[in-house]
There are 2 protein chains.
Amino acid sequence: MSENKIPDIVIGRLPLYLRSLQRMQQENRIITSSQELGERLGISAAQIRKDLSLFGEFGKQGTGYNIPYLIEKIQQILHVDRVWDVVVVGAGDIGSGLARYQGFSNRGFRVAMIFDRDPLKIGAKIGNFIIQDSHNLSETIRKAGIKIAMIAVPSSEAQTVANQLIKGGVRAILNYAPISISVPPHIQIQYIDPSIHLQRMTYYLE
Amino acid sequence: MSENKIPDIVIGRLPLYLRSLQRMQQENRIITSSQELGERLGISAAQIRKDLSLFGEFGKQGTGYNIPYLIEKIQQILHVDRVWDVVVVGAGDIGSGLARYQGFSNRGFRVAMIFDRDPLKIGAKIGNFIIQDSHNLSETIRKAGIKIAMIAVPSSEAQTVANQLIKGGVRAILNYAPISISVPPHIQIQYIDPSIHLQRMTYYLE
DNA sequence: ATTAATATGTTAAAATCTAAACATAAGAAG
DNA sequence: CTTCTTATGTTTAGATTTTAACATATTAAT
């Protein structure tokens with residue numbers, strides 16, 4: 001219950017809880033239980049209760065959890081009880097897709113700008129965004145106060161872009177380039193690489 | 001070293017090792033060490049040695065690991081010493097992006113077909129692929145012997161598509177729809193949802 | 001040839017994480 | 001009002017995972 005130090009592995013599960021709860025809310029559900037949530041997610045009910053208990057007492061014994069209330073609490077914990085502006089770097093297929101992606105609404109994020117360094121792309125529009133010159137990346141995002149970025153450039157450019165982002169004040173990076181990037185310890189970094197996921201599954205095939 | 005039972009968490013790290021090793025190979029490196037690999041990945045050297053030792057003795061004491069040899073060994077372990085045909089379901093931004101994605105080559109995968117159910121899209125081309133009618137999904141992939149699929153349809157369709165895929169013989173699913181899917185225990189499933197990754201990072205911001 | 005340095009593979013210890021058990025509170029039923 | 005059922009939050013035990021330590025093998029240097 002106290003503000004000790006929460007294991008990162010627990011933090012990693014909270015967004016999953018949140019997503020399932022929001023889905024239930026869309027189904028007009030009011031109450032759920034650790035058991036139901038666990039079945040939806042393939043996680044034990046005990047695990048879910050234990051995780052949540054690290055942050056407070058959000059349920060009611062004999063009844064379960066009030067869905068809207070628990071959503072609110074998890075959003076507060078994860079700091080997504082607000083909308084974060086996010087920058088996209090790279091206007092290829094992945095970057096363009098991210099700029100157009102409708103899935104960030106209600107999740108706490110909004111794409112605010114997109115950059116590329118290709119003169120043929122700069123100035124063009126993707127959805128409502130005009131592709132900006134990544135030469136001005138650091139300055140522009142600093143002025144805009146942007147703290148979160150998604151990298152969708154070729155692997156060879158990813159480290160350079162990350163450095164520019166950090167220089168511009170970014171604190172969290174989601175990297176779609178299939179390469180490990182080196183960042184200072186106070187910078188959050190996460191990776192999305194479909195091949196990594198696929199390879200993890202092929203081990204179990206055949 | 002023996003064929004006991006390898007923890008899944010170890011399997012999850014092998015693709016990361018492989019990716020870094022392949023990167024080193026592109027840099028024309030021949031030898032590396034658990035320490036160097038660990039530094040690139042932010043994993044302890046002991047961890048890497050321990051993981052690899054579960055499968056065999058791939059290094060040489062006093063010297064390190066031969067990069068091409070270790071790549072070959074990990075590829076064999078993960079069953080990516082071959083090319084797997086993969087099907088994409090959903091020809092929206094994400095699905096189209098996956099069909100055009102150049103990043104699967106040398107990673108063990110190749111997009112083989114793409115499906116959608118929208119009559120306006122069926123028959124159209126994405127890269128070299130003609131979008132096929134997902135009405136025939138199960139039959140077509142069964143005939144083609146496809147075992148791996150990526151789902152890129154709206155959340156509301158994801159479970160239905162997954163069921164069709166499993167009916168068609170698919171054994172591993174990478175789901176881009178931001179929703180938990182229920183599958184039998186012998187089916188592998190992994191998720192890609194950028195909001196999940198972003199929310200995991202915002203916890204540490206502010 | 002001997003010594004020193006290096007880096008693996010393995011063993012043992014420490015730390016972390018998960019699962020199970022249970023006491024308690026809330027609500028429903030009789 | 002009492003009893004029964006349900007489901008939480010917490011405690012305890014068990015399992016897993018990570019880290020550290022070390023013996024051994026290889027290479028390089030003197």
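Throughout, a chain's letter reflects where its sequence line sits, starting with A, and its residues are numbered from 1.
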Checklist entry - Hey, are B/N136 and B/Q132 close enough side-chain-wise for a donor-acceptor pair under 3.5 Å? => result no
Checklist entry - For the side chain of A/P7, counting heavy atoms from C-beta on, which of C/dA7, C/dA20, C/dC17 is nearest? => result C/dC17
Next on the checklist: Given D/dT27, C/dA19, C/dG27, identify the nucleotide with an atom nearest to the side chain of A/T63.
Outcome noted: C/dG27
Checklist entry - Contact class for A/L52 vs. all strands (heavy atom < 4.0 Å): base, sugar-phosphate, or nothing? => result nothing
Item to check | Nearest-0.5 Å distance that lies between atom CD1 in A/I196 and atom CE in A/M201 | outcome: 12.0 Å
Checklist entry - Would you say B/K60 reaches D/dT27's phosphate, i.e. side-chain N/O to OP1/OP2 under 4.0 Å? => result yes
Next on the checklist: Expressed as a whole number of angstroms, how long is the span from B/K73:NZ to C/dG9:P?
Outcome noted: 13 Å
Next on the checklist: Whole angstroms only, please: what is the CG-C1' distance between B/L54 and C/dG9?
Outcome noted: 11 Å
Checklist entry - Can a side chain N or O of A/S44 be found less than 4.0 Å away from OP1 or OP2 on C/dA19? => result yes
Item to check | Under-4.0 Å side-chain N/O to phosphate OP1/OP2 contact, A/S34 with D/dT8 | outcome: yes
Checklist entry - Are any of B/K50's side-chain N or O atoms less than 4.0 Å away from OP1 or OP2 of C/dG9? => result no
Next on the checklist: Measuring from the side chain of A/I9 (C-beta onward, heavy atoms only), which nucleotide among D/dT18, D/dA20, C/dC17 has the closest atom?
Outcome noted: C/dC17
Checklist entry - Between atom CD1 in B/I6 and atom C1' in D/dT17, what is the gap in whole Å? => result 14 Å
Checklist entry - Rounded to whole angstrom units, what separation is found between the CD1 atom of A/I48 and the C1' atom of C/dC17? => result 15 Å
Next on the checklist: Using OP1 and OP2 only, check whether a side-chain N or O of B/Y65 sits under 4.0 Å from D/dT26.
Outcome noted: no
Next on the checklist: Would you call the rings of B/Y203 and A/H79 parallel, tilted or perpendicular, taking 30° and 60° as the class edges?
Outcome noted: parallel
Checklist entry - Rounded to the nearest 0.5 Å, what separation is found between the CG atom of A/N175 and the CD1 atom of A/I192? => result 9.5 Å
Checklist entry - Is there a side-chain contact between B/I30 and B/I67, using heavy atoms and a 4.5 Å cut-off? => result no
Item to check | Atom pair distance, as rounded to whole Å: CG in B/D51 and P in D/dT17 | outcome: 10 Å
Item to check | Rounded distance in Å - CZ (B/F58) to P (C/dT10) | outcome: 11 Å
Item to check | Separation of D/dT17 P from B/I43 CD1 (nearest whole Å) | outcome: 14 Å
Next on the checklist: Can you measure A/L70 atom CG to D/dA7 atom C1' for me and round it to whole angstrom units?
Outcome noted: 14 Å
Next on the checklist: I'd like to know if B/Q61 reaches the base of D/dT26 with its side chain, counting only an N/O donor and acceptor under 3.5 Å.
Outcome noted: no
Checklist outcome for this item: Residue pair A/G62/A/R49 against DNA chain D: nearer the 5' end by closest nucleotide is A/G62
